[in-house]
Amino acid sequence: MDLKQLRTFIMVAESGSLSSASDRLRLAQPALSRQIKLLEDEIGFDLFIRSGRGMQLTEHGGVLLSRVAGLIKQLDDSIQDVRSLLAEPTGHVVLGCIPTASHVVAGRIAVRVAAELPQVSLRIVEGYAGHLIDWLHRGEVDLAVLYGPSSDLHLRISDIMFEELVLVSPAGKAPEGDEVPVAALGDLNLVLPSRPHGLRLLVEAAAAKAATTINVKFQADSFRVLKDIVAAGLGHTILPLSAFYREPQMELYQITRLVSPRISRRLVMALPPNRQDTKATAAVRDLVTDEILRMVKSGEWRTMPR
């Protein structure tokens, strides 16, 4: 199978039209169309539905894209890495990041990559842990910052830090006291992510340990939506303090430490299994870990209530 045909297929699939792919590849549309037709003839199925609105993947096309996109990226990265063995890190790196961490550190990582790794092209994608894990296994993401423990995910994992979770209440509606036992959560209307979101599972495990049953009034898988629902006075949620990084309306919330037991999440760096990291990926991995730890040390990434 011709690699040029596969690269053309991936570009057309990502662009959604022959004209866009033609502009990006700087090749005439008839040449691109011919490459796609040759690939379809070899596979024996149509890969696209052609219409006035562009090129839409067929079911077979979608399966092929999911199987080859990561492999072609790994091949291109490996070639680029060999070329740069004696030089500074060079190439494309895709960094996955959970939303709460992306909210805090993504911009700072981009600034440092631009300054310290000028030959590296960085793409940052945001997603929940389940999506990031899938993308890592498929080779579509080179590394990811997510929450563990991840011993059963068959990934290469290294710990970055532990982050404590706190009770977030509407202003003036928090339970009395500086600390709230987890057992008291049974008396509150909670706003939490749906199952099997990792944060929801952590809260339910802590509630079971404290012999209480929680009442989840609203469910939302976006931490921004969770905050909005709490700000509207509709319930209480549980989040890491990093979710309030540079929060412009902090007066809308009241934060209380949870105890008996305390609830914490492990922030980890995850990389694909059985794959040699490129020089650029290793450099970005070290930079990301260093930046997060710098923010924790300076207090900009708040890991404990103040």
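Here the structure is a predicted model, which means the values were calculated and not measured.
Of all the heavy atoms in G186 and T212, the pair that sits closest is CA-OG1, 3.6 Å. Listed here is the closest heavy atom pair of I229 and A220: CD1-CB, 4.4 Å. Here the shortest heavy-atom pairing between A21 and V12 reads CB-CG2, 3.8 Å. In plain terms, the two heavy atoms of V141 and V94 that are nearest each other are CG1-O, 3.6 Å.
Residues satisfying the salt bridge (charged side-chain N to carboxylate O under 4.0 Å, His left out) criterion with E179, sequence neighbours excluded, are absent altogether. In this structure Y128 satisfies the ring-ring contact (aromatic ring centres under 6.0 Å, His included) test together with H197, sequence neighbours excluded. Scanning for ring-ring contact (aromatic ring centres under 6.0 Å, His included) contacts around F45 gives H60, with sequence neighbours left out. Residues passing the salt bridge (charged side-chain N to carboxylate O under 4.0 Å, His left out) test with R294, sequence neighbours excluded: D290.
Using a 4.0 Å cut-off between a side-chain N of Lys or Arg and a carboxylate O of Asp or Glu, D41 and K37 qualify as a salt bridge.
A donor-acceptor distance shorter than 3.5 angstrom exists from the side chain of S298 to the backbone of M295, with no hydrogens or angles considered.
Under the 4.5 Å side-chain criterion, counting only non-hydrogen atoms from C-beta, F244 is in contact with L239. A 4.5 Å side-chain heavy-atom check between R285 and V93 finds every atom pair outside the cut-off.
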N/O donor-acceptor pairs under 3.5 Å from side chains in residues 167-178, not counting sequence neighbours:
unit_1, atom_1, unit_2, atom_2, d
S169, OG, H236, ND1, 2.7

Quick one: side chains of residues 118-126, donor-acceptor pairs under 3.5 Å with protein atoms, not counting sequence neighbours, listed by atom name and distance.
unit_1, atom_1, unit_2, atom_2, d
S121, OG, H92, ND1, 3.3
E126, OE1, S102, OG, 3.0

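Within 6.0 Å of NE2 in H137 there are more than 12 heavy atoms belonging to other residues, nucleotides or ligands. Crowding of R224 atom CZ: a count of heavy atoms from other residues, nucleotides or ligands under 6.0 Å exceeding 12.
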